[in-house]
Amino acid sequence: MAITVKFFASLRERLGCTERQIDFSEPITVAEVWTLVGDGQPISENVLIAVNMEYAGAETVVRDGDEVAFFPPVTGGGGP
Amino acid sequence: MAITVKFFASLRERLGCTERQIDFSEPITVAEVWTLVGDGQPISENVLIAVNMEYAGAETVVRDGDEVAFFPPVTGGGGP
Amino acid sequence: MTVHIINAPFDPWQEVANYQQAYLKRAGRFGATACFIGTMRDFNEGENVQAMELEHYPGMTEKYLGKLTEEARRQWPILDSLIIHRYGHLQPNEPIVLVVVWSAHRAAAFKACYYLVEELKANAPFWKKETLATGTRWVESNTSS
Amino acid sequence: MTVHIINAPFDPWQEVANYQQAYLKRAGRFGATACFIGTMRDFNEGENVQAMELEHYPGMTEKYLGKLTEEARRQWPILDSLIIHRYGHLQPNEPIVLVVVWSAHRAAAFKACYYLVEELKANAPFWKKETLATGTRWVESNTSS
């Protein structure tokens, strides 16, 4: 089983990675994905998670072909 | 002493008058102005009053040169 | 802080673009623009409306809207505002009123714009007379929303 | 119900005029148009901002804003909506986001527009990186208002 992992914004810069693939054989949670791709620390409250482009929690189980994204708090819209 | 009295919208049509002057010798309230210019009935809650282009109550005392206006509830802005 | 009471059709998007162009000396300062446009519909209370006569109280209208603008400025940190209101003969689909507020942040812009629109509808001395297929009628009261 | 995510400057007033022109088949039905424009300022947290890079999550942005629009439509009787959001390289005073809602009555238009703007700012996957005189910095959090 394989998933795509994406990083955005300051997290992308900090981890030095935009996108990577990871393989696994057992069902796996987003938190476990983070242990494979993250910075060695537990997921911070300042890291948001999306699975298949929808917001998700760290306990979400990911499946073959899923896209998991990690990113910092969003800052879109007008003004600062 | 003389004041100008104006009527607007459905009230203007009902009374058949846009503007008139009235003369008086004693201080006079808006309610008393209405008895001179109105339809013979007490001022209805559906008649709004402005004195010198500001909303006012029926007990307001008017002075020489004032402009008193009577009109129905307003219906400006968008939509109906 | 500008109020125009006009008796000819206007293009609200063009007006606000022009105003903002003239206002560009404040470019970079405003982060939020909130805007409302009220447009004449072709139906009201179940009837087709063919045209409308919009009467107002010249002088009091400008005075009231000027005071309203000042009150909004006291309540919120707004940078500028523009109100344009039609009077006279209107056809369906023509804009009746434009209210625009510029501010550094969105909450002030939204709240001030909403305030101006609600107060204008509640108190500005305008009256609508609709032309239906069967004749004319004065609109008796504004909808509450 | 339209969402555009674009990477070039846009004129919000022209866009909304064009959209409304295309949308005129509904002329006479909408009595209220509420509109919000977020514009890049040249200052933030006491510093002059010279430029901005706006990153987003292609795919998720469109998906999120599409769902948001559907949710607004469920909550209020809105006739149409238009959202345009920039990404890429921005200069001060350039519009970042345009949100427009058309409805028969003003309450629905105002409330839906406010809802879309607040939810967009809170959750749409965009990130701002500012260029200051001293270097670049990621904006860490949105202002609450």
Discussion item. Within the structure provided, determine whether A/E67 and D/M60 are in side-chain contact (heavy-atom separation under 4.5 Å).
Written reply: no
Item to complete: Work out which heavy atom in A/A69 is nearest to a heavy atom in D/Y57; give both atom names and the distance.
Response: CB-CE1, 3.4 Å
Worksheet entry | Neighbour count >12 (heavy atoms, 6.0 Å) for atom NZ, A/K6 | yes
Worksheet entry | Residue among A/S10, A/P73, A/A50 with most heavy-atom pairs under 4.5 Å to chain D | A/S10
Worksheet item: Please walk me through it: do D/E62 and A/M53 pass side-chain contact (heavy atoms from CB on, under 4.5 Å)?
Response: CA-CA 10 Å; D/E62 293 82 351; A/M53 301 182 177; over 6 Å; no
Practice prompt. Can you label the angle between the D/W127 ring and the A/F8 ring as parallel, tilted or perpendicular, going by 30° and 60°?
Written response: parallel
Worksheet item: Does A/Q21 CD have over 12 foreign heavy atoms under 6.0 Å away?
Response: yes
Practice prompt. Show your reasoning for whether side-chain contact (heavy atoms from CB on, under 4.5 Å) applies to D/K67 and A/E54.
Written response: CA-CA 10 Å; D/K67 285 178 64 177; A/E54 301 208 4; 3.2 Å; yes
Worksheet item: So which of D/Y64, D/F36, D/F126, D/Y87 has the biggest tally of heavy-atom pairs under 4.5 Å with chain A?
Response: D/F126
Fill in: Intermediate values then yes/no, side-chain contact (heavy atoms from CB on, under 4.5 Å), D/W138 and A/R14
CA-CA 12 Å; D/W138 288 98; A/R14 184 154 64 83; over 6 Å; no
Item to complete: Determine yes or no for a side-chain-to-main-chain donor-acceptor pair under 3.5 angstrom, with D/K121 supplying the side chain and A/V74 the backbone.
Response: no
Item to complete: Indicate yes or no for a side-chain donor-acceptor contact from A/T75 to the backbone of D/K128 under 3.5 Å, with no hydrogens or angles considered.
Response: yes
Worksheet item: If you check every heavy atom in residues 26-34 of chain A against those of chain D, which residues fall under 4.5 Å?
Response: none
